[in-house]
There are 2 protein chains.
Amino acid sequence: MFVSTYESAIDAKGRVSIPAPFRAELGGSTRIFLWQALDGSGCLEGGGEALMAMYRATLTRLAPQSEVRKVLVNRIIAGSADLKMDETGRIKLPEDLCKAAELEGRIKFAGNMDSFQIWNPEKHAAYNASMEAAAASPDVMAAFGRAYSEVLHQQGAGHYNGPKLVEGGEG
Amino acid sequence: MFVSTYESAIDAKGRVSIPAPFRAELGGSTRIFLWQALDGSGCLEGGGEALMAMYRATLTRLAPQSEVRKVLVNRIIAGSADLKMDETGRIKLPEDLCKAAELEGRIKFAGNMDSFQIWNPEKHAAYNASMEAAAASPDVMAAFGRAYSEVLHQQGAGHYNGPKLVEGGEG
DNA sequence: TAGCTGCCCATGATATTCCAAATTTACACA
DNA sequence: TGTGTAAATTTGGAATATCATGGGCAGCTA
């Protein structure tokens, strides 16, 4: 799972070091896919071969000529950059994606479970602030609490046994 | 279950010993996650791989582009530090988290069932005082009583048999 | 030939691991 | 109940490994 947030930088040659923990998460593969986040937040989203395989399987389930499928294939498949890390764990960010996400100089890598995000630091700070404010909402905590107890019930057949390592939770 | 409260200290290099009972609770794993508590109380919250696996399962249940999920992924997944204990059970607290929770010198570890909290001692004392005052409220005790008898019913098939050790309740 | 790209090595900073001393805690025995 | 011994834990510091980053060089492309 891609967890935590790391800072990195674009060097003079347009190269970026992928944080080591994220590299480890790619399981030895050096192929990285990058595209613009679908939610309009202005960051890039990325992942490795495992994620792309999941997306492929997911998109294949959608009806071939459905509008939904066409949109998602366009945004994620056609819109992706297909990059290869060098020996020291760096990739070269394509200019169009940098421009779209307003990336230059220092950037932020943020874990997003199965994928990660790449942010302009100022935008990321603003995003964090809005998320922090939203987290205080009772609705958010209530929804989280409901989902958490559902997971507990599922695991423990009705009564509380404490958290367990969920199957497939990590590699 | 993470129980009780322990005091510890941050050394000159920013390292902190995890209290031995909490270490035992991590079940041999040396990976620790730390993030800012969602409730705005100003402490850090932490747990091990089991808790993070639970959170992952929980977040996966929420609709992918829902606001609730985005908020929680931001706060818990992206907002977590992914730390590794050394041989003697210490972690290095990231500076940004220390700053956010006003941690320096001595700190408090407080058990929180599935997770634990890390507090600035003065803040913790103030929190304790407010909790002690609130515990006297009839509403609190009433809610506790209701929940307690629900659990009893669930365990004892409808009538009171005295409390039981729930299967797997402790190790 | 100029610029871009991929590949490689060098280096400083940071993080991790290892070792050892000091302190606390637990236990057995008188 | 007090004391001595052993074990575990906490603490401090140094050696080592890892990582991010800058730059060099060759090959390809336009």
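Nearest to the side chain of B/Arg23, among D/dC19, C/dC19, D/dT10, sits D/dT10. In this structure, the nucleotide among C/dA20, D/dT21, C/dC7 sitting nearest to the side chain of B/Thr88 is C/dA20.
Between B/Lys84 atom NZ and D/dA17 atom P the separation is 15 Å, expressed in whole Å. Here the C1' atom of nucleotide C/dT16 and the CD1 atom of B/Ile32 are 15 Å apart, to the nearest Å. Between A/Phe22 atom CZ and D/dA20 atom C1' the separation is 15 Å, expressed in whole Å. For the pair B/Tyr6 OH and D/dA8 P, the interatomic distance rounds to 17 Å; values are reported in whole Å. For A/Met85 and C/dC8, the CE to P distance is 15 Å, given to the nearest whole Å. The separation between A/Ile91 atom CD1 and D/dA20 atom P is 13 Å, rounded to whole Å. Counting to the nearest Å, the C1' atom of D/dG22 and the CZ atom of A/Arg106 are 14 Å from each other. Regarding B/Glu95, its CD atom lies at a distance of 13 Å from the C1' atom of C/dA15, rounded to whole Å.
Ring geometry, A/Tyr55 versus A/Trp35: the interplanar angle exceeds 60°, so the pair is classed perpendicular (tilted spans 30 to 60°). Ring geometry for B/His124 against B/Tyr127 counts as parallel: the plane angle stays under 30°, on a 0 to 90° scale with 60° as the upper cut.
Summary of the strand contacts: B/Lys92 and B/Glu87 both lie near DNA chain C, and taking for each the nucleotide with the nearest heavy atom, the more 5' one is attributed to B/Lys92.
Between A/Ala110 and A/Phe22, the closest heavy-atom pair is C-CZ, 4.1 Å. The two residues B/Asn74 and A/Met131 come nearest to each other via the heavy atoms OD1-CB, 3.2 Å. Closest heavy-atom contact between A/Ser115 and A/Phe2: O-CB, 3.4 Å.
Between B/Arg56 and A/Asp114 there is a salt bridge, since a side-chain N of the basic residue sits under 4.0 Å from a carboxylate O of the acidic one.
Regarding contacts with the backbone of C/dT5, every side-chain N or O of A/Arg90 stays at 4.0 angstrom or more from both OP1 and OP2.
A/Thr88 and A/Arg90 share a side-chain donor-acceptor pair at under 3.5 Å.
For residues 9-21 of chain B, proximity to DNA chain D is found at B/Asp11, B/Lys13, B/Arg15, B/Ser17, B/Ile18, B/Pro19, B/Ala20, defined as any non-hydrogen atom under 4.0 angstrom from a strand atom.
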